[in-house]
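Below: one structure, written as structure tokens.
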Amino acid sequence: MPLAHTVLTSLLCLFLMLPVMTDAEAAGDKGQNMGQVKPPLDKKLDKKTEERGRYLIKIAGCNDCHTTSYAEAAGKIPEQDWLKGDSIGWRGPWGTTYASNLRLYMQNLSEGQWIQVSRAVEFRPPMPWFVLREMTDEDLRAIYRFIRHLGPAGEPAPTYLPPDQEPPKPYILFPSSGEASK
Ligand code: HEC
């Protein structure tokens with residue numbers, strides 16, 4: 001039965017190919033095509049959105065961690081140097097985390113993906129991911145557009161280290177639950 005065989009083989013091929021295509025599409029959806037295609041901005045930045053984005057980033061404290069020396073300089077860091085990440089480690093029971101370079105991070109996400117990430121992802125401490133969940137879509141969009149408008153800059157922050165690895169100094173040490181004084 002050569003015909004039946006061919007049909008069967010084609011069907012099997014199709015079936016085998018399907019998951020591959022879906023995976024590739026899914027990867028695209030999650031922005032895992034990093035660095036290849038820059039997702040387009042959904043909308044241009046109007047004055048009102050720009051001001052809202054700047055204001056939210058200032059009052060929500062994003063710069064405190066994601067901008068080097070922002071707190072020490074009492075916020076007097078020029079805007080073009082904002083959110084380029086920091087090499088100070090935050091060490092605790094979760095390991096050592098580093099505030100990411102958001103200027104680079106946002107380049108790989110579309111606005112829709114940013115909203116999804118903000119609603120779904122629990123980042124490690126001390127990143128206040130729960131603050132992102134409290135924001136309206138409009139506020140999240142303003143933050144996204146403002147950071148995209150600042151443009152890509154700086155280097156990626158150091159990568160996360162697991163708890164058993166000693167990070168390079170200086171780092172900020174959080175007491176582990178056992179050591180915390182009452
Ligand atoms: C107290 C310090 C702190 C503050 C305040 C803070 N972050 Fe973070 N943020 C971090 C750290 C540390 C990480 C890395 C977390 C990890 O490795 O999981 C991070 C990670 C992130 C990530 C994930 C980036 C990636 O590479 O996956 C995003 C997005 C982000 N922060 C956005 C913001 C925004 C927007 C604000 C202001 C509303 C903010 N953060 C405020 C410390 C902070």
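What you see is a predicted model; the values in this text were computed from it and never measured. The analysis underlying the following values was restricted to heavy atoms, covering all of them including side chains, and did not include hydrogens, waters or symmetry mates.
Of the possible donor and acceptor atoms, none in the side chain of Q165 sits under 3.5 Å from a partner among the backbone N and O of P162. A distance-only check finds a donor-acceptor pair linking the side chain of W114 to the backbone of L140 [under 3.5 Å]. Checking side-chain atoms of H66 against main-chain N and O of S100 turns up a donor-acceptor pair under 3.5 Å. Between the side chain of R103 and the main chain of I147, no donor-acceptor pair closer than 3.5 Å is present. A donor-acceptor pair is defined here as one N or O able to donate and one able to accept, closer than 3.5 Å; such a pair exists between the side chain of N101 and the backbone of E155. With R119 contributing its side chain and R133 its backbone, the two residues share a donor-acceptor pair below 3.5 Å. The backbone N or O of G85 sits less than 3.5 Å from a side-chain atom of T68, completing a donor-acceptor pair. With hydrogens and angles ignored, the 3.5 Å screen pairs no side-chain donor or acceptor of W129 with any backbone N or O of P125. Side chain of S110 to backbone of Q113: a donor-acceptor contact under 3.5 angstrom is found. Listed for the Y171 side chain is no donor-acceptor partner under 3.5 Å among the backbone atoms of S87.
Salt-bridge annotation for R145 and E50: absent, with no side-chain N of the basic residue lying under 4.0 Å from a carboxylate O of the acidic one.
Interatomic distance, CD of E51 versus OG1 of T49, reported as 9.5 Å (0.5 Å rounding). Rounding to the nearest 0.5 Å places OH of Y70 at 9.5 Å from NZ of K76. Summarising the geometry, atom NZ belonging to K169 is positioned 12.5 Å from atom CD1 belonging to I88; distances are rounded to the nearest 0.5 Å. To the nearest 0.5 Å, the span separating CZ on R148 from CG on L102 amounts to 13.0 Å.
The aromatic ring centroids of Y160 and W94 lie 6.0 Å or more from each other.
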| field | Pair Y144-R141, side-chain contact (heavy atoms from CB on, under 4.5 Å): steps then yes or no | value | CA-CA 5 Å; Y144 175 86; R141 286 180 199 284; 5.6 Å; no

| side-chain contact (heavy atoms from CB on, under 4.5 Å) evaluation trace for C62 with L83 | CA-CA 8 Å; C62 315; L83 307 175; 4.0 Å; yes

| said: side-chain contact (heavy atoms from CB on, under 4.5 Å) for T67 and K84? Distances and angles first, verdict last. | reply: CA-CA 6 Å; T67 301; K84 293 198 291 190; over 6 Å; no

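Nearest heavy atoms, A99 versus C65: CB-O, 3.2 Å. Of all the heavy atoms in T96 and P167, the pair that sits closest is OG1-CG, 3.4 Å. Shortest non-hydrogen contact noted between R91 and P163 is NH2-O, 3.6 Å.
Heavy atoms from other residues, nucleotides or ligands lying under 6.0 Å from CD of Q80 number more than 12. More than 12 heavy atoms of other residues, nucleotides or ligands shown are found within 6.0 angstrom of CZ on F123. Counting non-hydrogen atoms of neighbouring residues, nucleotides and ligands closer than 6.0 angstrom, the CD atom of E166 exceeds 12 such neighbours.
Cluster annotation: Y98 is not connected to L104 through the hydrophobic network of ILVMFWY side chains, with a link wherever side-chain heavy atoms come within less than 4.5 Å. Under the 4.5 Å side-chain heavy-atom criterion for grouping Ile, Leu, Val, Met, Phe, Trp and Tyr, M135 is not connected to L45 through any hydrophobic cluster.
Applying side-chain contact (heavy atoms from CB on, under 4.5 Å) to M127 and the options T97, V121, L132 leaves one that passes, L132.
Geometric assessment of R54 against the ring of F146 yields a negative cation-pi assignment under the 6.0 Å and 45° thresholds.
With a 4.5 Å cut-off on side-chain heavy atoms, N63 and I77 do not count as touching.
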